[in-house]
Number of protein chains: 2
Amino acid sequence: MKKPRPDLSAQIAASIRDAIVEGRLIVDERLPSEAELSEQFDVSRPTVREALKRLGAQSLIRTQRGATGGAFVNHLRYEDAYAQHVTTSTLLLSMNDVSFDTAAEARFALEAACVPLACARRTPDHLATMRAECHRQAQPGLSDEGFCASDVAFHRALVDGAANPVLSYQLAGAVEAMQPLMNMITFSARSRGVIVGLHGRIADALEARDAVAADVALSELAAYTRELAQSVFAERARR
Amino acid sequence: MKKPRPDLSAQIAASIRDAIVEGRLIVDERLPSEAELSEQFDVSRPTVREALKRLGAQSLIRTQRGATGGAFVNHLRYEDAYAQHVTTSTLLLSMNDVSFDTAAEARFALEAACVPLACARRTPDHLATMRAECHRQAQPGLSDEGFCASDVAFHRALVDGAANPVLSYQLAGAVEAMQPLMNMITFSARSRGVIVGLHGRIADALEARDAVAADVALSELAAYTRELAQSVFAERARR
DNA sequence: GTTTTTTCATTTGTCAGACATTTAAAAGTC
DNA sequence: GACTTTTAAATGTCTGACAAATGAAAAAAC
């Protein structure tokens, strides 16, 4: 029942993190040097460094060497947060025995939310990406991993079509973390054909800005994916 | 154009992180001791420690002191990832000048995706939470911050009603990160009444498992929220 | 006076060694 | 056999030092 007192470096990291989140430290502001911090918190420099590394791992600060160097509050960009979000999401799925169905349900539900927006805002660029991925998916020599990677790229283009960075960031985890689960499935030439066909229909609907048609095609894709996964897992269980 | 070679501690952290993500290190497996790692990577112990702190900050490992202690691959749980996801999402919004409209659009689109699932799966617990938050929101003495916090809790209950942990995790960022933006709005007694009324209608629809009615009420809430924000910001701009 | 070069102080990155603290297993005691 | 003590191993922390990078000031060259 007793709370294990967190490490000093964790305490210091939390203290600085709070200052950033609450706005007491603003973007590009320079933190005190390690020597000054170690005096302020009354700890040694290595301990301060461990705290700073923690914050660096979360992209909250960046460090620079040299005379005018130091630790600076980082301007957190989508790309920085993106990689971490995907890593965490992937590990969450693999470590918590999330079923294929659960993950697929989440992904398709979230994508469905993007469809109306994507129909309204998709640019020729988004369509071109989707068409290119469809073309790649139809290549006969493509490996299963390559097919799944292309599948992820296609769905990312759909999400990005909504032109809402908040949406893109939040959904990145769900979309990308699906890939390892998809990789567990081996796609026959026939099932690949069905999927590419549905991808084509989704792209067509987005081009025509027809949200209803896109939603129907996406639902069919969801159903077919679930079906495919069930038969693959059933086959595997029999052996 | 030249790539600044990353720090040794960053290299080591990346190396271990890859091993975890790729499954070469499995959950609860013990990493070599700091002394052994420093020998393996041919660096000093403080450098190894900085690398381990980086991984600890991402909840990828946990450390334990004592004879059988050491660093262990952590079983990443939703709760661990949750706090980090919310912190990152909040900072992303505040640092990238995301407009209220963009964030609200994302939140309502994602919640709409949960509505059909929540209608099918919501438990009495979810309904009770939503009713309780509605009741709190109707209290006259509630501060603006308290109102917003309750608003977030209400929407979280809606999302959790979908009974899909992947969905809950991914949406947590969008829902919780909205709060600081909502806090910028001061709610009149009248606007509070409208919002509570719409919340009530959403809860009613979920209780009746009526997805269409829930979707309509949610859409109205989205429109009203946007309207409210616009008038608040317009008023502020005038001064 | 202006430009270029050199020097230099500051700061992070890394290392070595040491001691403190925690923890569980091993050894000892009854 | 059950309990207590010892001990070894591991992380947590500190001190002190040097290396490397970097911008600014000082010096030199034109």
- Note on the structure: Out of dT13(D), dT11(C), dT14(C), minimum distance to the side chain of Arg30(A) belongs to dT11(C)
- Query: Nearest-Å distance, CZ (Phe41(B)) to C1' (dG13(C))?
  - Reply: 18 Å
- Task: Choose from dC15(C), dT11(D), dT12(C) the nucleotide whose nearest atom is closest to any side-chain atom of Glu34(B).
- Result: dT11(D)
- Is the number of heavy atoms from other residues, nucleotides or ligands within 6.0 Å of NE2 (His75(B)) greater than 12? yes
- Query: When the distance from CG of Leu8(B) to P of dT12(C) is rounded to whole Å, what number comes out?
  - Reply: 17 Å
- Task: When you get a sec, tell me which of dC15(C), dT11(C), dA10(D) is the closest nucleotide to the side chain of Ser33(B)?
- Result: dA10(D)
- Task: Take atom CD of Glu50(A) and atom C1' of dG13(C), then tell me their distance rounded to the nearest Å.
- Result: 14 Å
- Message: From the set dG13(C), dT11(C), dT13(D), return the single nucleotide nearest to any side-chain atom of Arg45(A).
- Response: dG13(C)
- Nearest whole angstrom, please: distance from the C1' of dT11(C) to the CZ of Phe72(A). 10 Å
- Message: Expressed as a whole number of angstroms, how long is the span from Leu37(B):CG to dA10(D):P?
- Response: 11 Å
- Task: Specify the separation, in whole Å, of atom CD of Glu39(A) and atom P of dT11(C).
- Result: 12 Å
- Query: Side chains of Asn164(A) and Thr102(B): do they bring a donor and an acceptor to under 3.5 Å?
  - Reply: no
- Parallel, tilted or perpendicular: rings of His85(A) and Tyr169(B) (30°, 60°): tilted
- Using 30° and 60° as the class limits, which term best fits the ring planes of His199(B) and Phe154(B): parallel, tilted or perpendicular? parallel
- Query: To the side chain of Ser44(A), which of dT15(D), dG12(D), dC15(C) is closest?
  - Reply: dT15(D)
- Message: Using whole Å, what does the distance between atom C1' of nucleotide dG13(C) and atom CD1 of Ile12(B) come to?
- Response: 12 Å
- Message: Which nucleotide wins on minimum distance to the side chain of Pro46(A), given the candidates dT14(C), dT13(D), dT15(D)?
- Response: dT15(D)
- Note on the structure: In numerical order, the residues of residues 51-67 of chain B whose heavy atoms come under 4.0 Å of DNA chain C are Arg65(B), Gly66(B), Ala67(B)
